[in-house]
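One structure is given below, encoded as structure tokens.
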Number of protein chains: 2
Amino acid sequence: MYNSDTATLPSVASFVFHFKKAKFWGDNMDDELKQALHEKGLRLTPQRQIILEVMLNLGGRHLTADEIYSLVKKQTSDVSLATIYRTLELFVDMNIFRRFDSGDGVFRYEIDTKKSEHYHHHLICLNCGKIKEFNDDLLDELENRISEKGFVIADHCLRFFGYCKECKNALENEKDS
Amino acid sequence: MYNSDTATLPSVASFVFHFKKAKFWGDNMDDELKQALHEKGLRLTPQRQIILEVMLNLGGRHLTADEIYSLVKKQTSDVSLATIYRTLELFVDMNIFRRFDSGDGVFRYEIDTKKSEHYHHHLICLNCGKIKEFNDDLLDELENRISEKGFVIADHCLRFFGYCKECKNALENEKDS
DNA sequence: CTATTTGCAAAGCGTTTGCCGGCCG
DNA sequence: CGGCCGGCAAACGCTTTGCAAATAG
């Protein structure tokens with residue numbers, strides 16, 4: 001599937017736009033991150049700064065720890081995988097990132113925009129490995145039905161596996177020839 | 001969460017009933033399994049037999065490979081974890097079991113009753129770790145909407161994390177006292 | 001100054017694989 | 001006999017951890 005070194009990710013521009021629009025971070029995200037860390041008695045280090053930056057500007061979304069590591073390493077050689085994992089765990093705790101697993105046993109991370117927008121689901125292409133998103137509030141209805149049965153929902157995860165439009169077309173052409 | 005040695009699983013009786021009702025296997029499952037294997041040039045071995053048996057009669061559902069290993073080992077010392085994994089992979093290929101991942105990085109296995117009933121979703125309790133099921137066809141509608149966008153769906157996975165009725169009550173009582 | 005944070009290397013965990021002997025058909 | 005099969009142990013990939021040195025505030 002994805003290779004760390006060649007990770008090209010979809011619609012970065014649109015994501016940045018989307019993210020800015022969400023107004024989760026102001027213009028000076030460093031200060032905001034710094035303050036958020038301070039509240040917990042923690043510090044803003046270059047590594048943490050770059051990791052957030054990478055996820056915002058370069059990485060796009062749905063990256064594995066290793067992919068993030070590669071991207072961060074392009075900015076500074078002063079990082080280790082261990083720090084990536086530690087920072088990711090920290091940011092997940094702080095609700096800055098979200099961790100989910102794409103079904104192949106490797107965790108992936110994405111910016112957590114939960115606060116400002118509806119949950120989204122993942123469409124995972126079994127051919128090219130790309131992960132797209134799909135928004136729908138149909139799940140609200142389903143959650144209501146489950147709540148009625150006495151189960152208190154804290155979180156959910158919905159993934160669809162299949163073939164994206166591009167791969168489907170490519171595979172069909174292959175078959176024809 | 002679960003400990004292999006103390007794995008007590010919910011509603012085994014109701015599951016067996018449910019499973020028999022599904023008529024996926026007749027009364028003599030050994031013969032049916034044997035034949036299914038023969039068609040692929042494979043053999044029915046004691047280990048394979050016991051693994052299926054355990055999943056049907058003892059284990060209930062949603063077991064990890066290690067939990068299955070423990071349960072099988074109670075019946076025969078002549079097993080290894082490697083065989084469990086190899087058999088699980090085989091049975092998954094044969095659509096006898098299904099593999100899914102419960103979000104904690106460990107794969108779990110369950111009988112695959114896909115052929116005879118609607119898909120079910122998992123309700124995972126964050127307190128006791130029990131996994132319950134929930135059937136609903138609301139997802140069909142959602143799948144239709146996704147298909148309209150050109151994504152061909154092959155499979156899906158829907159999990160809810162939260163607190164089951166029992167744990168919710170227990171936690172509330174704890175808080176009161 | 002000192003608690004936090006880091007890189008490094010090693011350990012941990014669930015899972016997979018190579019090998020060889022054993023067994024079924 | 002010839003393939004399938006199993007146990008064993010080692011390898012594997014991702015993730016976590018212990019430790020001593022570095023550093024933010």
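Values in this document were obtained by computation on a predicted structure and should not be read as measured data. Naming: A, B, ... by sequence-line order, numbering from 1 per chain.
Between the P atom of D/dC4 and the NZ atom of B/Lys34 lies a distance of 17 Å, rounded to the nearest Å. The separation between B/Glu67 atom CD and C/dC13 atom P is 16 Å, rounded to whole Å. Rounded to a whole Å, the CG atom of B/Leu63 is 15 Å from the P atom of C/dG14. The distance between atom NE2 of B/His38 and atom P of C/dG25, rounded to the nearest whole Å, is 6 Å. Rounded to whole angstrom, the span from the CG atom of B/Leu90 across to the C1' atom of D/dC5 amounts to 11 Å. Taking atom CG of B/Asp78 as the reference point, atom C1' of D/dC8 lies 12 Å away to the nearest angstrom. If you take OH of A/Tyr69 and C1' of D/dC14, they are 14 Å apart, rounded to a whole angstrom. Atom pair A/Gln49:CD and D/dT23:P shows a separation of 16 Å (rounding to whole Å applied).
Residue B/Arg43 places no side-chain N or O under 4.0 Å from the OP1 or OP2 atom of C/dC23. Dashed line: the shortest gap from a side-chain N or O of B/Arg86 to OP1 or OP2 of C/dT17 is not under 4.0 Å. Listed pair B/Thr45 / D/dG6 meets the phosphate criterion, a side-chain N or O lying under 4.0 Å from OP1 or OP2. When the side-chain nitrogen and oxygen atoms of B/Tyr85 are compared with OP1 and OP2 of C/dT15, one or more of them lie within a distance under 4.0 Å. Residue B/Gln47 places at least one side-chain N or O closer than 4.0 Å to OP1 or OP2 of D/dG7.
For A/Pro46, the listed nucleotide lying nearest its side chain is D/dA24; candidates were D/dT15, D/dG7, D/dA24. Minimum atom distance to the side chain of B/Arg99 is reached by C/dT15, of the listed C/dT4, C/dT15, D/dC8. Among D/dG25, D/dT15, D/dC5, the nucleotide with an atom closest to any side-chain atom of A/Leu81 is D/dT15.
Using a distance-only test at 3.5 Å, with no hydrogens or angles considered, a donor-acceptor pair links the side chain of A/Ser70 to the main chain of A/Asp66. A distance-only check finds a donor-acceptor pair linking the side chain of A/Arg48 to the backbone of A/Arg43 [under 3.5 Å].
By the criterion of side-chain heavy atoms lying less than 4.5 angstrom apart, applied directly or through intervening Ile, Leu, Val, Met, Phe, Trp or Tyr residues, B/Leu42 is grouped together with B/Val92 in one hydrophobic cluster. Both A/Val79 and A/Leu44 belong to a single network of hydrophobic side chains, linked directly or stepwise wherever heavy atoms of I, L, V, M, F, W or Y lie under 4.5 Å apart.
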*Could you go through the side chain to side chain contact (heavy atoms under 4.5 Å, CB included) check for A/Phe97 and A/Ile51 one step at a time?*
CA-CA 11 Å; A/Phe97 292 171; A/Ile51 289 171; 4.0 Å; yes
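Across all strands, B/Lys40 comes closer than 4.0 Å to no nucleic acid atom at all (heavy-atom distances). A/Glu89 comes within 4.0 angstrom of nothing in the nucleic acid, heavy atoms only.
For the residue pair A/Cys125 and A/Tyr163, the shortest heavy atom distance occurs at SG-CA, 3.9 Å.
Where B/Arg48 and B/Lys73 meet DNA chain D, the nucleotide closest to each residue was compared, and B/Arg48 sits on the side nearer the 5' end. Heavy-atom distances to DNA chain D give each of B/Ser80 and A/Gly105 a nearest nucleotide, and the one nearer the 5′ end belongs to B/Ser80. Mapping B/Phe107 and B/Leu44 onto DNA chain C by nearest heavy atom places B/Phe107 closer to the 5' end of the strand.
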